[in-house]
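Not measured: the values here are computed from a predicted model. These numbers come from the heavy atoms of this one structure, side chains and all, not from hydrogens, waters or symmetry mates.
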Amino acid sequence: MKEFYVAVCAATALAASPAMAEDRAGDVQVKVLATGVLPDGEIDQVNVDLVGLPAGTDTKANDNFVPTIAIEYFVTDSFSIETIAGTTQHDVDTISGFPAGNELVSDGLLLPATVTAKLHFDVGGVKPYVGAGPAYFIWLSDKPGAATIPLGVTDTDLSDEFGFALQAGFDVPVGDDGFGITVDAKRYFIGTTARWFAGDTLVIETEHNLDPWVVSAGVSYRF
């Protein structure tokens, strides 16, 4: 978290830099990225517990690395709107309370719908930016983890939730034909409610902090 805010403050301090010479208003930039999704997944609160979870039970969602696409529209030279497209799959495992590594949720497929407003600066050949915006995490699928099935769990549900994202990064143009390289980091502030069912009976319900870092690098094309 500290490193993220240092990056944001450093980029913001560049606001006094001269305005970009090139006219980018109305441009569209498409980015193809390799992305690391690094969630937390710890239990924030236990709402329902009919099975008697051991004291100190906590969980962790695994990291995942996926391809993503970002599409950005420049409203002015220094202000743009960006959205991302991609899905990421995660398991949720125990880290305490039970033996570590017990799988509680399997193959949770997440669509992290995100829109950010970005402010761009110009530092010679490097163009840093900061941004922020709303996010809506949509769970397209999820399954009971292997450790829960012997306990009689027949269904698992992760709730879709609204949240917020902060963003910082930089673009580096390559040549004069619109190509470039890009590095981006987002920190999301968002959670989910996990529910485990045995038949029609809700046996466990827990609140989880996801709060993932989403770190990307790739190539871009502006036209």
Side-chain angles (χ1 to χ4, degrees), residues 1 4 32-70 83-114 134-165 184-218:
M1 174 67 77
F4 183 83
V32 178
L33 306 164
T35 297
V37 183
L38 318 174
D40 187 341
E42 68 179 1
I43 297 175
D44 183 55
Q45 182 175 319
V46 178
N47 299 329
V48 176
D49 177 14
L50 300 186
V51 300
L53 294 173
T57 297
D58 211 343
T59 59
K60 175 76 170 71
N62 72 293
D63 300 338
N64 194 18
F65 297 88
V66 295
T68 57
I69 295 174
T83 187
I84 60 172
T87 59
T88 178
Q89 186 167 289
H90 300 273
D91 298 332
V92 178
D93 297 337
T94 56
I95 57 172
S96 61
F98 288 98
N102 278 354
E103 185 183 66
L104 303 182
V105 178
S106 175
D107 298 336
L109 184 61
L110 175 64
L111 175 64
T114 309
Y136 186 52
F137 277 17
I138 303 169
W139 293 96
L140 301 176
S141 65
D142 43 59
K143 301 175 183 177
T148 69
I149 295 173
L151 302 177
V153 170
T154 57
D155 189 28
T156 300
D157 178 70
L158 300 175
S159 66
D160 302 341
E161 299 287 349
F162 281 103
F164 187 74
D184 182 87
K186 297 182 184 71
R187 177 64 188 272
Y188 288 82
F189 300 90
I190 196 166
T192 189
T193 300
R195 299 179 177 93
W196 288 265
F197 294 86
D200 294 328
T201 301
L202 175 63
V203 292
I204 302 175
E205 180 180 281
T206 50
E207 308 286 345
H208 293 256
N209 294 321
L210 296 178
D211 295 348
W213 283 94
V214 177
V215 182
S216 303

Distance, nearest 0.5 Å, that separates CG of L151 from CD1 of I204: 7.5 Å
- line: Separation between CG (L110) and OG1 (T87), nearest 0.5 Å, reads 8.5 Å
- request: Kindly determine whether R187 and D211 satisfy side chain to side chain contact (heavy atoms under 4.5 Å, CB included), including the steps that lead there.
  value: CA-CA 7 Å; R187 177 64 188 272; D211 295 348; 3.7 Å; yes
Shortest non-hydrogen contact from [X] to [Y]?
{"X": "G56", "Y": "S96", "answer": "O-OG, 2.7 Å"}
{"X": "I190", "Y": "P212", "answer": "CG2-CD, 4.2 Å"}
{"X": "H90", "Y": "T88", "answer": "NE2-OG1, 2.8 Å"}
{"X": "P39", "Y": "D63", "answer": "CD-OD1, 3.6 Å"}

Is the backbone N or O of [Y] less than 3.5 Å from a side-chain atom of [X], with the two atoms forming a donor-acceptor pair by type?
{"X": "T114", "Y": "I84", "answer": "no"}
{"X": "K60", "Y": "G101", "answer": "no"}
{"X": "E103", "Y": "A146", "answer": "yes"}
{"X": "N64", "Y": "Q89", "answer": "yes"}
{"X": "S216", "Y": "D184", "answer": "no"}
{"X": "D58", "Y": "I43", "answer": "yes"}

task: Could you please spell out the steps behind the side chain to side chain contact (heavy atoms under 4.5 Å, CB included) verdict for W139 and T192?
output: CA-CA 10 Å; W139 293 96; T192 189; 3.6 Å; yes
Which of these, [options], sits in a side chain to side chain contact (heavy atoms under 4.5 Å, CB included) with [X]?
{"X": "W196", "options": "L104, V51, D155", "result": "L104"}
{"X": "L158", "options": "I138, T193, D142", "result": "D142"}
{"X": "D91", "options": "T59, D107, V105", "result": "D107"}

- prompt: Is there side-chain contact between D93 and N62, with heavy atoms separated by less than 4.5 Å?
  reply: no
